[in-house]
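Working notes, beginning with the structure itself.
Just so it is clear, the model here is predicted, and its values are computed rather than measured.
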Amino acid sequence: MAEQPITQQHERDYVSLMRGLRELDLRGPALPSDLVLIGDDSFPLAMNNKGQVPVAASLYGSGRIVVLGHESYLTTFPALVENAVVWLRGDTSNNLSVGVHISASAVAANLSRAGFQVEVVGAFSDNPGVGVYVTDAYSVGEDPKDLVAFLKAGGGVLIAGQVWSWAAEHPKENALLEFQGNKVCGVAGIYISERQCEVECLPVYPQVPASWMSIVLGKNFEDDLEFLLQGVSEFDVQGGSLFSEVLVHGSLAFPIATSNDGRAFVAGAYYGQGRVILISHEGFMGNQNLAPFLKNAIRWLDEGRQGVVGLLHHPAFDVLSASGLQCEKTNLRKDLSVFVCTAYSDGQAEEIQQFVAEGGGLLIGGHAWYWAQTHCGQNPLTDFPGNKILNKMGLSLMGATIGGGLYKAPVPSQAINDSYHFRDLLRRFAGHVTEGADLTAQEEECLKKLGKDCSTYLNMKAHDCASYRQVLSTLTDILMKTGMPQVSEHCPVTTPRDHLLLRMGAEVFKVSPDPDALMPYLIKNNPLMPVVYNRRIRINVNTAGGAEWISTGLYLSPGMKTYISIPAAIINKDWKIQIGCQTDYLNSDELKRAPCVHEQFPMTSEMVQVWNLWGGLLYVVAPPNTQVSGVEVVVQMAVPAPYYKSGETTAADWSLLRTAPSPWAELEFENIILMVPSEVVRDLDRPDLVAAQWDKIMRAIADLAAIPHKFPRKERFLTDVQISHGWMHCGYPVMAPKCVAKDLLRVQDMWGPIHELGHNQQRGCWEFPPHTTECTCNLWSVYVHEEVLGINRAQAHPAVTAADRTTRLEGYVKGGRDLNQWNTWMALETYLQLQERFGWDAFKKVFAAYHTMSNFPGDNKGKMNLYAETFSQTVQLNLCGFFKAWGWPIEASTEQKLSNLPPWTDHPLVKYG
């Protein structure tokens with residue numbers, strides 16, 4: 001993918017804060033608290049060998065904050081404090097005064113000697129005009145709103161203290177929300193936790209420190225789940241509604257309701273001083289079946305304030321009003337306790353985030369799957385409106401769906417240990433890889449899901465978020481420790497661990513700040529290949545047949561980068577660059593290649609840099625309904641591929657091209673393009689003879705379909721080491737196993753390939769699924785074999801011998817002519833009987849007649865009657881008796897319409913009565 005610039009602001013801030021420091025020696029009597037960081041703006045300044053954070057910084061609004069995990073650090077590390085005060089003052093502030101709370105007065109003398117204008121005060125309100133305010137975490141006052149407002153408006157806050165001793169004295173209180181210091185620093189995404197931070201002498205690294213051990217859950221959510229699930233034993237969400245799967249990725253986010261396979265559709269999170277509940281379909285926010293949970297949820301969000309609940313989502317009004325809280329239909333207001341809305345607008349994203357950070361509750365509902373389906377080419381994680389609100393809160397709506405059902409509520413005391421959580425399992429997997437820690441059987445089972453979630457999470461591309469960089473750093477470390485499985489036909493990937501590593505390698509490579517350094521750990525055998533430079537690709541296209549791949553005859557080796565110059569005429573017109581011809585997505589327990597090995601890049605500028613971990617043939621993808629002539633793209637550097645094009649490639653050209661180093665080759669004929677491993681074309685002397693055969697085949701396919709010989713879009717046929725389903729399957733391209741490649745060039749054993757090309761000719765108006773789905777496509781197989789290849793149907797496929805046909809038909813008649821048994825070969829017999837009586841021309845005329853029709857029936861019965869009528873009119877015989885003998889539901893009205901035609905009285909089923 002195109003290289004993503006990483007925001008360097010945190011790195012610059014880190015360098016400023018740690019300037020001149022070589023180490024932080026925390027060894028001593030002080031036991032700091034471990035700091036929990038969330039959101040996009042918080043980042044660690046120090047990290048011990050356990051991944052614990054004793055010192056951190058963040059931004060909020062226009063202001064800055066530094067948090068020290070113990071109050072003694074205000075005097076233990078004077079250089080750090082001086083750096084912090086300078087940084088907190090901001091780059092543009094002229095206010096040099098520093099207010100120091102009397103409880104931290106010991107630091108005042110140090111700051112004064114360092115040249116700061118220091119005033120010791122009894123409370124922040126004594127001098128709110130300072131530029132920086134320094135306090136311990138126990139003295140922010142009962143109402144910290146003034147200090148939060150100061151921070152938000154551009155002030156700097158330095159706060160220090162531990163909470164583990166306070167937590168011991170207040171065992172029933174929520175330290176994240178109730179501890180005084182957290183009422184200020186929590187707003188900015190830094191929480192002083194009750195966990196003690198192990199002390200050691202910490203080196204000061206040149207960059208923001210990172211460790212896989214830092215990817216921890218910031219809280220045990222048992223008490224939250226006990227509150228939320230009181231009186232709730234199940235989630236009754238039966239019906240046709242589809243939820244979006246929720247990715248729960250924040251250290252203070254947790255699943256609440258999950259499907260039977262562990263995917264979340266209701267989740268909660270702490271954010272700042274507030275809380276959020278996400279229900280991944282807004283229709284259930286007012287569902288009476290969920291009333292007990294919704295009442296609990298709204299009270300959990302209210303946090304005992306007994307405040308006003310404001311609703312933008314009115315259907316939830318009746319259920320939430322029953323909670324006993326005052327509900328109003330209103331837009332977001334600062335005086336609300338809880339705000340209820342849907343996830344379909346980001347117009348107030350920042351205001352909603354600040355509302356929650358400063359203590360409000362948010363109940364939000366909505367799904368992203370429909371948006372994802374209707375916004376092709378956009379990233380749901382970053383572009384879906386609701387995720388612009390939720391991502392920072394540690395929750396994201398995904399395009400994947402969860403069906404309605406009756407789902408058991410988790411047991412709070414077991415949920416944290418038994419339920420899947422992205423961060424928790426990632427940390428344990430990192431420990432498994434780096435330290436050899438054992439994984440449980442349940443954790444092993446979840447690794448495949450972890451791989452999918454890693455892929456989704458990385459697609460956020462939130463490089464300016466320290467939490468994201470921690471995860472990316474962890475995944476990078478894992479890959480550099482283990483390498484990526486070198487998957488191949490002879491070395492398939494089968495274990496959950498290797499599935500995860502294989503998926504992870506490709507996704508990390510896309511977003512890595514240094515993919516070249518990572519490359520040797522991902523692809524072990526990547527020989528250099530000769531390249532060509534500044535290759536011009538001329539484009540003449542009319543995409544009446546849908547989006548079209550335009551072959552370039554070029555290949556990019558794994559990880560190879562190139563620039564492509566784009567003409568202005570096609571910039572920002574939905575054109576794309578594609579690397580890789582293998583577009584099947586694999587979802588198999590055994591993988592002979594990676595699940596996804598192609599990449600696409602939008603043409604949004606005059607120069608686009610592209611690359612793909614797996615390499616692949618290079619294409620320009622033209623959008624549908626586009627006509628362009630004579631424009632050129634220029635590929636700066638690429639590997640030549642064996643590429644033959646009828647009418648353009650000469651015999652002399654081919655003698656050289658067939659030896660080109662690309663492992664993939666293309667043969668482009670009049671109406672089809674074959675994409676095959678290069679090894680099968682190295683000895684192909686006469687591609688023109690292959691072209692002639694395929695031209696006949698494709699014209700025959702067009703003849704039977706009653707369409708022009710020149711296809712609106714050339715078919716593509718690809719042979720791959722592994723495909724997504726079936727022995728072969730239709731589509732663009734048609735997919736087949738690698739072993740078929742030689743048969744395509746010899747033009748033999750063609751039943752399967754023509755079967756798939758026949759699928760591409762099927763039309764819903766004369767298809768009766770599921771009966772004919774695998775049947776009518778075989779008409780093309782029979783036709784091509786007989787009319788082009790000169791092979792009788794009985795020799796073309798063993799299922800079409802005379803004996804098999806007779807046995808099958810007799811069995812069908814004896815079985816009562818049940819349409820449930822009228823499928824595939826049995827259904828084909830009906831059409832073969834029609835063909836053997838009326839010839840192929842009758843089918844061509846029937847298909848032609850359908851081209852001129854509109855307003856087709858939507859059900860099989862209606863479509864079958866229309867087909868009986870159309871075929872009868874075409875051959876000028878009443879075929880109702882024939883179709884009824886087959887068990888078709890022929891209506892009296894159809895018989896009436898055809899009553900003026902002579903009946904077909906000697907059809908093949910007459911003898912069966």
Side-chain angles (χ1 to χ4, degrees), residues 4-18 21-24 26 32 34-59 66-67 69 80 189-191 193 195 197-198 200-218 249-252 392 394 422-435 437 450 453-454 457-458 460-482 504-505 507-515 517-518 521:
Q4 298 290 330
I6 295 181
T7 300
Q8 298 295 325
Q9 186 60 51
H10 286 169
E11 297 295 342
R12 290 195 294 270
D13 291 339
Y14 172 79
V15 169
S16 295
L17 284 159
M18 308 307 286
L21 297 171
R22 294 181 177 273
E23 63 183 22
L24 293 178
L26 305 185
D34 181 19
L35 305 180
V36 176
L37 312 183
I38 68 165
D40 288 357
D41 297 315
S42 59
F43 56 99
L45 299 180
M47 187 177 291
N48 68 13
N49 287 327
K50 300 293 185 182
Q52 295 174 312
V53 177
V55 187
S58 187
L59 312 174
V66 172
V67 182
L80 173 61
I190 302 177
Y191 300 86
S193 82
R195 292 193 298 262
C197 184
E198 292 190 16
E200 54 193 83
C201 186
L202 304 180
V204 173
Y205 298 100
Q207 295 177 314
V208 175
S211 167
W212 64 267
M213 290 187 175
S214 68
I215 304 177
V216 295
L217 292 181
H249 55 83
S251 60
L252 288 176
K392 288 186 177 183
F422 166 67
R423 295 181 74 87
D424 194 36
L425 185 55
L426 176 56
R427 185 179 193 273
R428 282 180 277 174
F429 181 71
H432 165 71
V433 168
T434 58
E435 296 185 344
L450 178 62
D453 287 350
C454 284
Y457 181 80
L458 290 174
M460 291 173 64
K461 300 174 185 172
H463 295 284
D464 54 350
C465 170
S467 178
Y468 179 90
R469 294 201 303 273
Q470 291 281 350
V471 171
L472 177 56
S473 173
T474 296
L475 295 174
T476 302
D477 287 348
I478 289 172
L479 288 166
M480 295 179 80
K481 177 79 173 179
T482 67
M504 189 190 299
E507 298 301 331
V508 171
F509 183 78
K510 293 178 191 178
V511 298
S512 172
D514 191 0
L518 188 60
Y521 300 93

How close do G51 and S211 get, counting heavy atoms only, and between which atoms? CA-OG, 4.2 Å
With distance as the sole criterion, is a donor-acceptor pair present between the side chains of S214 and R423 under 3.5 Å? no
Decide yes or no for P203 and L24: does some side-chain heavy atom of the first lie under 4.5 Å from some side-chain heavy atom of the second? no
Determine yes or no for a side-chain-to-main-chain donor-acceptor pair under 3.5 angstrom, with Q52 supplying the side chain and E198 the backbone. yes
For the atom pair NZ (K392) and OG (S467), what is the distance rounded to the nearest 0.5 Å? 13.0 Å
Please examine the side chains of V204 and R22, heavy atoms only from C-beta on, and report whether any two atoms are closer than 4.5 Å. no
To the nearest 0.5 Å, how far apart are CG in L37 and CD1 in I190? 6.0 Å
What heavy-atom pair brings L35 and G69 nearest, and what distance separates the two atoms? CD2-CA, 4.3 Å
Restricting to non-hydrogen atoms, name the atom on L458 and the atom on V511 that form the minimum distance, rounded to 0.1 Å. O-CG1, 3.8 Å
Using 0.5 Å steps for rounding, measure from the CG atom of L425 to the NE2 atom of H432. 10.5 Å
So, does S193 use its side chain to make a donor-acceptor pair with the main chain of D34 at under 3.5 Å? yes
Rounding to 0.5 Å, atoms CD1 (I478) and CH2 (W212) come to a distance of 9.0 Å
Let me confirm one number: the CE-OG1 distance from M504 to T476, rounded to the nearest 0.5 Å. 9.5 Å
In terms of heavy-atom contacts, L45 and M18 come closest through O-CE, 3.7 Å
Tell me the closest heavy-atom pair linking V216 and R195, and the distance in Å. CG2-NH2, 4.0 Å
From CA spacing to verdict: ring-ring contact (aromatic ring centres under 6.0 Å, His included), Y14, F43: CA-CA 8 Å; Y14 172 79; F43 56 99; 7.4 Å; no
Between Q9 and D41 (side chain of the first, backbone of the second, donor and acceptor by atom type, cut-off under 3.5 Å), is there such a pair? no
Donor-acceptor pair, distance only, cut-off 3.5 Å: does the side chain of Y468 make one with the backbone of M460? no
Evaluate L202 against E23 for side-chain contact (heavy atoms from CB on, under 4.5 Å), listing each step before the verdict. CA-CA 5 Å; L202 304 180; E23 63 183 22; over 6 Å; no
So, N49 and E200: side-chain donor and acceptor under 3.5 Å apart, yes or no? yes
For M213 and K50, the nearest pair of non-hydrogen atoms, with its separation, is CB-O, 3.1 Å
Donor-acceptor contact below 3.5 Å, side chain S473 vs main chain R469: no
Do L450 and F429 come close enough that some side-chain heavy atom pair is under 4.5 Å? yes
Heavy-atom distance under 4.5 Å between the side chains of M47 and Q470, does that happen here? yes
Expected output: side-chain S42 to main-chain I38 donor-acceptor under 3.5 Å: yes
Does the side chain of Y191 come within less than 4.5 Å of L252's, by heavy atoms? yes
Test: R428 and D424 ion pair at under 4.0 Å: yes
Do L80 and V66 have side chains that get closer than 4.5 Å, going by heavy atoms? no
Between D453 (side chain only) and F422 (backbone N and O only), is there a donor and an acceptor less than 3.5 Å apart? no
Do L26 and P54 have side chains that approach each other closer than 4.5 Å (heavy atoms only, starting at C-beta)? yes
V508 vs L479, side-chain contact (heavy atoms from CB on, under 4.5 Å): CA-CA, chis, key distance, verdict: CA-CA 9 Å; V508 171; L479 288 166; 3.8 Å; yes
